[in-house]
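Heavy-atom basis, side chains included; hydrogens, waters and symmetry copies ignored.
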Amino acid sequence: MKQKFKTLACDWLPPAILRQIRRRRSADIRFEEEYATWQDATENCTGYDAVGILEKVLEATLKVKNGEAVYERDSVLFDHIEYSWPVLSGLMWVAAKNNGRLNVLDYGGSLGSSYFENRLFLNSLPNFSWNVVEQANFVVEGKKHIQDEYLRFYETIDDCVKDIKPNTILLSSVLQYLQDPGKIIDSLIKIGSDVILIDRTIVNSNSVNNIYIQHVSSTIYSASYPCYSLSESWLLNRIGNTYDMVADFTSLDFPALRNINSEFKGYIFKKMA
């Protein structure tokens, strides 16, 4: 009954009201004052291994996989898929340039959220695989409960590249949560994929990567963890020596980020000839 009510609400409520409801949800997420170092922030939060995070993500992802829910993001279930159309366009662009071959390395891809978001459009490609590189505990559960003929899980970039040669790299809502995002970017650039897609990444217009603690709403799961607001110029320069930026775009509307003079953005990069 509750699910039916939520579906009816999405069908009948005006879009402006729905946007306000979603904004109130996101308003419960806040970013604590700047920290001098990542270590300082880590010592003042619960971290990514907080009890219950993986369990909630697994429960929600299984409902999507089994057809009991439509879409999952950060363990929250939605009644309709909130597509990132620029990312999907980038994925289909790579497939079109490669005679239908699309092999994605999804770094920090949870239990396949982006795969399930886009599978309707991608599973019919003649040569398609989606490969998630994640923390060990996520990989164990992913292999046990989620993996299918298209979706695979790996603990390291090297393990993934040994199995497949990705022509696309996806970084969706992950760079800001890495202690050393530059190191990971450099490792992924060395793979030489055709395209790098970045989405839902927190950036600012300054020249500094600022460190905060992100507090997650208890309605999602109780947790707090270190988080960067990355300098957009730093990010573009880091990738720009090897890849050309084809497009940039605004991602989620997230009011809490305005309090730290930041925003969610995404980018499509193409490897230089």
Original post:
Going hydrophobic residue to hydrophobic residue with side-chain gaps under 4.5 angstrom, can you get from Phe153 over to Val140?
Top reply: no
Original post:
If you round to the nearest 0.5 Å, how far is SG of Cys160 from CD of Glu134?
Top reply: 12.5 Å
Original post:
Are Ile164 and Val161 close enough, and set up right, to give a side chain to side chain contact (heavy atoms under 4.5 Å, CB included), and what steps lead you there?
Top reply: CA-CA 5 Å; Ile164 61 112; Val161 174; over 6 Å; no
**OP:** Return yes if some donor-acceptor pair links the side-chain N/O of Glu34 with the main-chain N/O of Ala36 below 3.5 Å, else return no.
**Re:** no
Subject >> Sidechain-backbone polar pair: Asn209 side chain, Ser231 backbone, donor-acceptor under 3.5 Å >> reply: yes
Original post:
Would Ile189 end up clustered with Leu235 when hydrophobic side chains under 4.5 Å apart are linked, directly or stepwise?
Top reply: yes
Original post:
Are Leu105 and Tyr107 side-chain neighbours, meaning at least one heavy-atom pair lies under 4.5 Å?
Top reply: yes
Original post:
Where is the tightest heavy-atom contact between Ala41 and Ile211, given as atom of each residue plus distance?
Top reply: CB-CG2, 3.9 Å
Subject >> Closest heavy-atom pair and its distance - Pro181, Tyr228 >> reply: CD-CE1, 3.7 Å
Original post:
With side chains defined as the heavy atoms from C-beta onward, is the minimum distance between Ile198 and Ile239 less than 4.5 Å?
Top reply: yes
Original post:
With a 4.5 Å limit on heavy-atom distance, are the side chains of Leu91 and Val195 in contact?
Top reply: no
Original post:
Which pair of non-hydrogen atoms, one from Trp38 and one from Gln179, has the smallest distance, and what is that distance?
Top reply: CD1-CG, 3.3 Å
Original post:
For the residue pair Phe121 and Tyr83, does the interplanar ring angle fall in the parallel (under 30°), tilted (30 to 60°) or perpendicular (over 60°) class?
Top reply: perpendicular
Subject >> Ser262 and Asn204: side chain donor to acceptor below 3.5 Å >> reply: no
Original post:
Between CD1 of Ile196 and CE of Met245, what distance do you get to the nearest 0.5 Å?
Top reply: 13.5 Å
Original post:
Below 4.5 Å, heavy atoms only, C-beta onward: do Gln176 and Thr201 meet side chain to side chain?
Top reply: yes
Original post:
Shared ILVMFWY cluster between Val208 and Ile202, side chains joined below 4.5 angstrom?
Top reply: no
**OP:** Calculate, to the nearest 0.5 Å, the distance between atoms CZ and OH belonging to Arg238 and Tyr243 respectively.
**Re:** 14.5 Å
**OP:** May I ask you to test the Val246-Trp93 pair for a side-chain heavy-atom distance under 4.5 Å?
**Re:** yes
Original post:
What do the steps show when you test Asn103 against Lys165 for side chain to side chain contact (heavy atoms under 4.5 Å, CB included), and what is the final call?
Top reply: CA-CA 7 Å; Asn103 294 329; Lys165 182 171 175 55; 5.7 Å; no
Original post:
side chain to side chain contact (heavy atoms under 4.5 Å, CB included) between Tyr35 and Glu43: does it pass, once the steps are laid out?
Top reply: CA-CA 11 Å; Tyr35 283 79; Glu43 291 173 356; over 6 Å; no
Original post:
With hydrophobic residues grouped by side-chain heavy-atom distances under 4.5 Å, do Leu77 and Ile146 end up in a single group?
Top reply: yes
Original post:
How far apart are the closest heavy atoms of Pro226 and Tyr177, and which atoms are they?
Top reply: O-CD2, 3.7 Å
Original post:
Counting only N and O atoms by type, is there a donor-acceptor contact under 3.5 Å from the side chain of Thr46 to the main-chain atoms of Ser224?
Top reply: yes
**OP:** Is it possible for you to say whether Met272 and Val94 belong to one hydrophobic cluster, with membership spreading through side-chain heavy-atom contacts below 4.5 Å?
**Re:** no
**OP:** Show the numbers, then the answer: is there a side-chain hydrogen bond (donor to acceptor under 3.5 Å, both in side chains) between Ser229 and Asn210?
**Re:** CA-CA 5 Å; Ser229 171; Asn210 296 316; 5.1 Å; no
**OP:** Give a yes or no on whether the backbone of Ala69 and the side-chain of Lys63 come within a donor-acceptor separation of less than 3.5 Å.
**Re:** no
Subject >> Charged N-O contact under 4.0 Å between Arg101 and Asp194 >> reply: no
Subject >> Point-to-point distance, once rounded to the nearest 0.5 Å, from CG of Leu175 to CG of Leu188 >> reply: 8.5 Å
**OP:** May I ask you to decide if the ring planes of Tyr150 and Tyr115 are parallel, tilted or perpendicular, using 30° and 60° as cut-offs?
**Re:** tilted
Subject >> 4.5 Å side-chain heavy-atom contact, Leu170 and Ser114 >> reply: yes
Original post:
Is there a donor-acceptor contact under 3.5 Å from the side chain of Glu117 to the main chain of Arg73?
Top reply: no
Original post:
Do you know which two heavy atoms are closest between Pro86 and Ile268, and how far apart they sit?
Top reply: O-CD1, 3.6 Å
Subject >> Closest non-hydrogen atom pair between Ser251 and Asp199, with its separation >> reply: OG-OD1, 2.7 Å
Subject >> Phe116: which of Val64, Leu111, Ile81 passes side chain to side chain contact (heavy atoms under 4.5 Å, CB included) >> reply: Val64
Subject >> Derivation of the side-chain hydrogen bond (donor to acceptor under 3.5 Å, both in side chains) call for Tyr267 and Glu232 >> reply: CA-CA 11 Å; Tyr267 310 86; Glu232 185 175 33; 2.7 Å; yes
**OP:** Under the side chain to side chain contact (heavy atoms under 4.5 Å, CB included) rule, what do Asp79 and Val70 come out as? Steps first, then yes or no, please.
**Re:** CA-CA 6 Å; Asp79 296 301; Val70 177; 5.7 Å; no
Subject >> Residue pairs passing the ring-ring contact (aromatic ring centres under 6.0 Å, His included) test where at least one lies in residues 185-212, sequence neighbours excluded >> reply: none
Original post:
For the atom pair CG (Leu58) and CD (Glu55), what is the distance rounded to the nearest 0.5 Å?
Top reply: 8.0 Å
Subject >> Asn131 side, atom CG; Ile169 side, atom CD1 - distance, nearest 0.5 Å >> reply: 11.5 Å
Original post:
Is there a side-chain contact between Val203 and Glu263 (heavy atoms, below 4.5 Å)?
Top reply: yes
**OP:** Would you mind reporting whether Asp253 and Arg258 have side-chain heavy atoms less than 4.5 Å apart?
**Re:** yes
